[in-house]
Amino acid sequence: MTLEDARRLDAADPLRDYRERFDLPEGVVYLDGNSLGALPKDTPARLEQVVRGEWGNGLIRSWNDADWITLPQRVGAKIAPLIGAEADEVIVCDSVSVNLFKLIGAALNMRPGRKVILSEPGNFPTDLYMIAGLEAQGLAERRLAAPGDLEAALDGDVALLMLTHVHYKAGRTHDMVRLTRAAQDAGALVLWDLSHSGGAVPVDLAACNADFAVGCGYKYLNGGPGAPAYAYVAKRHHAALSQPLTGWMGHAAPFAFTDDYAPAPGASRLLAGTPGILGIAALEVGVDLIAEIGINRLAAKSRALSEFFRKCAAEKLPDLELVSPLDPLARGSQLSFRHTQANAICQALIARGIIGDFRDPDILRFGFAPAYVSFEDVFLAAEGLADIISTRAWDKPEFQQRAAVT
Ligand SMILES: *Cc1c(COP(=O)(O)O)cnc(C)c1O
């Protein structure tokens with residue numbers, strides 16, 4: 001693989017012009033959009049308009065005049081086609097963590113007599129911690145089983161199977177159709193965390209008959225640091241859904257100011273407090289851009305990028321251990337490698353303007369956000385990685401420290 005190969009692939013890339021829609025710093029190769037998506041060029045102007053026009057000038061009138069009050073539903077409806085959902089099955093609110101809590105609570109309410117939440121060891125920490133919180137209240141019981149043992153662990157005590165579609169560290173995917181069916185055959189509900197899928201990897205919640213899902217706004221959807229998340233509830237559960245964070249914005253009539261809670265219809269009852277309008281407005285710009293490109297084109301480019309990186313790395317670094325699956329259809333939009341010096345290598349790459357990330361204890365992770373990463377980026381990153389490993393350029397004291405956020 002050569003730089004010319006990369007440039008030829010870029011010239012033939014139908015998405016090549018979308019890179020210009022993002023504000024990427026000069027001289028940086030950004031392979032961490034799976035952790036924090038890049039800034040769309042339209043976001044600052046949109047935020048300026050929301051802050052100065054709608055807030056500064058419109059003041060409280062903007063809840064009606066700028067339609068702030070339905071923003072969570074409107075942006076949810078734009079995310080829906082990316083994940084195989086219908087418009088009114090998705091709502092934007094809170095963080096992934098908080099939405100997990102609400103939907104685990106809802107599942108427990110829908111399966112009286114069952115307390116077990118089944119997940120896998122090594123799932124994203126917050127997913128496991130949110131079960132722990134309900135466990136401490138005596139409401140849930142956590143059960144973990146390795147991917148190959150999940151089906152055997154589905155017994156009559158399991159209220160909910162809760163898994164992340166694309167594993168954040170390894171990048172491997174679960175078979176959503178098969179596992180959803182197995183869990184439902186055992187009488188359990190299923191919650192999919194789509195944080196590393198939405199906007200890069202095709203997901204069809206309708207086709208796999210999922211009950212619930214959550215996903216992240218600040219990764220492939222480019223909503224900005226700490227952007228609000230989204231939550232999905234299948235329409236068949238809309239009437240019965242009862243979740244534990246019964247705040248006033250999830251009330252059927254918040255401005256009736258009654259003493260008793262009555263849930264809003266459908267997914268809207270997942271709202272708890274007042275939605276953060278600035279955060280959702282920024283997310284909307286990112287979602288509009290991703291929706292404009294479309295998930296099929298994004299997924300095709302994502303696979304081509306990760307395959308190109310894998311081949312470049314295999315050629316230059318035949319001994320480097322690939323942790324992610326070889327088959328691009330069996331992995332998300334990332335590649336992970338294992339190396340005892342993963343942290344120092346990652347620091348040395350960042351010092352050269354090549355940004356990937358390190359996941360404790362020994363994983364080097366490269367994400368390929370298909371909307372703005374080029375094949376040339378991928379080539380330069382693989383070349384930099386090979387140079388740093390073969391010359392031991394990582395072996396310097398300044399690359400040994402570990403930052404607060406990795
Ligand atoms: C990024 C990510 C989250 C983020 O959760 P927040 O509460 O929104 O910070 C949750 N789960 C998974 C699998 C993730 O990758």
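Counting convention: from 1, in listed order, for ligands and their atoms alike. These numbers were taken from a predicted model, which means no experiment stands behind them.
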Side chain to side chain, Arg402 and Gln400, heavy atoms closer than 4.5 Å: no

Atom indices of ligand 1, in the order listed, that fall short of 4.0 Å to a heavy atom of Ser95: 7 (O), 8 (O)

Any N or O of Tyr218 closer than 3.5 Å to N or O of ligand 1: yes

Heteroatom distance test (Asp127, ligand 1): nitrogen or oxygen, under 3.5 angstrom: yes

Donor-acceptor under 3.5 Å (Lys169 side chain, Ile363 main chain): no

Those atoms of ligand 1 less than 4.0 Å from some heavy atom in Thr164: 13 (C)

Residues Phe255, Phe257; criterion ring pair (Phe, Tyr, Trp, His ring centres under 6.0 Å); working and verdict: CA-CA 5 Å; Phe255 294 92; Phe257 294 103; 5.7 Å; yes

Within-cut-off N or O pair, His196 and ligand 1, under 3.5 Å: yes

Parallel, tilted or perpendicular: rings of Phe309 and Phe368 (30°, 60°): tilted

Enumerated ligand 1 atoms positioned under 4.0 Å from heavy atoms of Thr126: 10 (C)

Salt bridge Asp94-Lys102, side-chain N to carboxylate O under 4.0 Å: yes

Identity and distance of the protein heavy atom lying nearest atom 2 (C) of ligand 1: Lys219 NZ, 2.3 Å

Distance filter under 4.0 Å to Ser195 heavy atoms, resulting ligand 1 atoms: 2 (C), 3 (C), 10 (C), 11 (N), 12 (C), 13 (C), 14 (C), 15 (O)

Mutual orientation of the aromatic rings belonging to Trp63 and Trp68 [parallel < 30°, tilted 30-60°, perpendicular > 60°]: perpendicular

Test of proximity, Val96 against ligand 1: N or O pairs below 3.5 Å: yes

Intermediate values then yes/no, ring pair (Phe, Tyr, Trp, His ring centres under 6.0 Å), Phe212 and His237: CA-CA 9 Å; Phe212 307 123; His237 298 313; 5.6 Å; yes

Closest protein heavy atom (residue, atom, distance) for atom 11 (N) of ligand 1: Asp193 OD2, 2.9 Å

Residue portion contacting ligand 1 (non-hydrogen atoms closer than 4.0 Å) for Ser97: both

Parallel, tilted or perpendicular, as decided by the 30° and 60° cut-offs, for the rings of Tyr372 and Phe22: tilted

